[in-house]
Amino acid sequence: MNDQDFLKASRKKETDLASLVQDLNTAKLAVLTDYRGLDVPSINALRKAGREKGIRFTVAKNTILKNAAGQSNKEITDLSLFVGPMAVAFGDDEVEAAKLVVDFAKDHPELEVIGAIDEAGDVLTKEAVIALAKLPSREQLLAQVVGTIAAPMSGLVRVLNGNISGLVYALAAIKDKKASV
């Protein structure tokens, strides 16, 4: 390797490191995976599905990923998960990132979920990531909250409307009775 090639490789590593640090700092969840066995079209399909949901899926060298973890604003104390080739899904929504990877792994068993790093820098196990993937998304939870809040109000409206309707029918019946007399 000549000096120019060495400089290019060094700049690429610096760029990759800066990108990973930025992704770790901004992501609410970074799902760590072992992607060995996945072919390039499958990885590209996962990346495309992630982009549609605002999730960045990137393959990273282990040493660069460890350095990024050390330079990020998260205090990641357990680096034991950083073993072997890795790909990371960075998501702004904890549930969506976990759901994307776990659902993709169901159809592509070559993709193995290793664990995750949450917003606080805590390391989550594979089982915790799978449990997160089973949770409803933020939008679904908001819809459930709105439905729960709206249900008693709509019931109250129906009850009050029923009482008023009953009064109107009773008055109409009295009017009809008096008109026929």
Side-chain angles (χ1 to χ4, degrees), residues 19-35 38 41-58 69 72-78 81 87-181:
S19 178
L20 286 171
V21 169
Q22 176 67 24
D23 287 339
L24 277 171
N25 286 342
T26 58
K28 290 193 177 183
L29 189 72
V31 181
L32 308 171
T33 65
D34 183 348
Y35 67 95
L38 276 181
S42 296
I43 291 174
N44 289 337
L46 180 56
R47 283 184 173 143
K48 182 180 178 194
R51 271 192 303 272
E52 292 170 0
K53 296 180 179 186
I55 299 166
R56 182 170 178 257
F57 187 79
T58 185
S72 73
N73 61 8
K74 298 178 181 179
E75 293 184 29
I76 305 167
T77 55
D78 182 13
L81 295 179
V88 186
F90 296 100
D92 295 332
D93 182 332
E94 299 91 344
V95 174
E96 285 299 321
K99 195 173 287 204
L100 172 76
V101 173
V102 170
D103 288 348
F104 195 84
K106 287 178 186 172
D107 296 332
H108 300 84
E110 305 86 18
L111 182 69
E112 182 184 349
V113 176
I114 297 172
I117 300 168
D118 70 5
E119 191 173 20
D122 296 328
V123 177
L124 306 178
T125 64
K126 175 182 180 175
E127 292 76 23
V129 175
I130 292 170
L132 267 177
K134 292 178 183 175
L135 292 175
S137 69
R138 183 175 190 272
E139 289 78 22
Q140 290 170 326
L141 287 173
L142 289 174
Q144 288 174 357
V145 168
V146 168
T148 303
I149 291 170
M153 286 185 230
S154 61
L156 178 65
V157 168
R158 277 195 299 276
V159 167
L160 293 176
N161 192 26
N163 289 340
I164 293 171
S165 297
L167 178 63
V168 169
Y169 291 134
L171 291 174
I174 292 170
K175 176 184 151 202
D176 290 343
K177 191 174 184 182
K178 285 188 177 184
S180 65
V181 174

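We use all heavy atoms of the structure for the numbers below, so side chains are in, but hydrogens, waters and symmetry mates are not.
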When rounded to the nearest 0.5 angstrom, what distance separates [atom1] in [X] from [atom2] in [Y]?
{"X": "Ile117", "Y": "Leu124", "atom1": "CD1", "atom2": "CG", "answer": "9.0 Å"}
{"X": "Ile55", "Y": "Leu29", "atom1": "CD1", "atom2": "CG", "answer": "9.0 Å"}
{"X": "Leu46", "Y": "Arg51", "atom1": "CG", "atom2": "CZ", "answer": "10.0 Å"}

ask   = By side-chain hydrogen bond (donor to acceptor under 3.5 Å, both in side chains), which residues pair with Thr26, not counting sequence neighbours?
value =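 Listed in chain order: nothing, the list is empty.
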key: Under the side-chain hydrogen bond (donor to acceptor under 3.5 Å, both in side chains) test, residues paired with Asp34 that sit two or more places apart   =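 Scan of Asp34 (side-chain hydrogen bond (donor to acceptor under 3.5 Å, both in side chains), adjacent residues dropped) gives Arg36.
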Taking side chain to side chain contact (heavy atoms under 4.5 Å, CB included) as the definition, give me every residue that meets it alongside [X], ordered by chain and number, with sequence neighbours left out.
{"X": "Val123", "result": "Ile76, Asp78, Leu81"}
{"X": "Asn25", "result": "Val21, Ser72, Asn73"}
{"X": "Ala120", "result": "Asp118, Asp122"}
{"X": "Ile43", "result": "Tyr35, Leu38, Arg47, Phe57"}

ask   = Just wondering, do Val129 and Val101 contact through their side chains at under 4.5 Å, heavy atoms?
value = no
ask   = Do Leu132 and Ile130 touch side chain to side chain, with heavy atoms closer than 4.5 Å?
value =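 They are not in side-chain contact.
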Contacts of type salt bridge (Lys or Arg N to Asp or Glu O under 4.0 Å), residue Lys28, not counting sequence neighbours =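 Residues passing salt bridge (Lys or Arg N to Asp or Glu O under 4.0 Å) with Lys28: none at all.
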request  = Using atom types as modelled and distance alone, determine if a side-chain donor or acceptor of Thr58 lies under 3.5 Å from a backbone N or O of Val88.
outcome  =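 Flag not set: sc Thr58 to bb Val88 has no pair under 3.5 Å.
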Listed once per pair and sorted, the salt bridge (Lys or Arg N to Asp or Glu O under 4.0 Å) pairs that draw on residues 95-105, sequence neighbours left out =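 Residue pairs passing salt bridge (Lys or Arg N to Asp or Glu O under 4.0 Å), neighbours aside: Lys53-Glu96, Asp103-Lys106.
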ask   = Where is the tightest heavy-atom contact between Gly91 and Ala97, given as atom of each residue plus distance?
value = CA-CB, 3.9 Å
Nearest heavy-atom neighbours spanning Gly50 and Leu100 =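 Smallest heavy-atom distance, with atoms named: CA-CD2, 3.6 Å.
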inquiry  = Does anything in residues 116-141 form a ring pair (Phe, Tyr, Trp, His ring centres under 6.0 Å)? List the pairs, not counting sequence neighbours.
reply    = none
Listed once per pair and sorted, the ring pair (Phe, Tyr, Trp, His ring centres under 6.0 Å) pairs that draw on residues 104-127, sequence neighbours left out =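 Every pair satisfying ring pair (Phe, Tyr, Trp, His ring centres under 6.0 Å) with a residue in residues 104-127: Phe104-His108.
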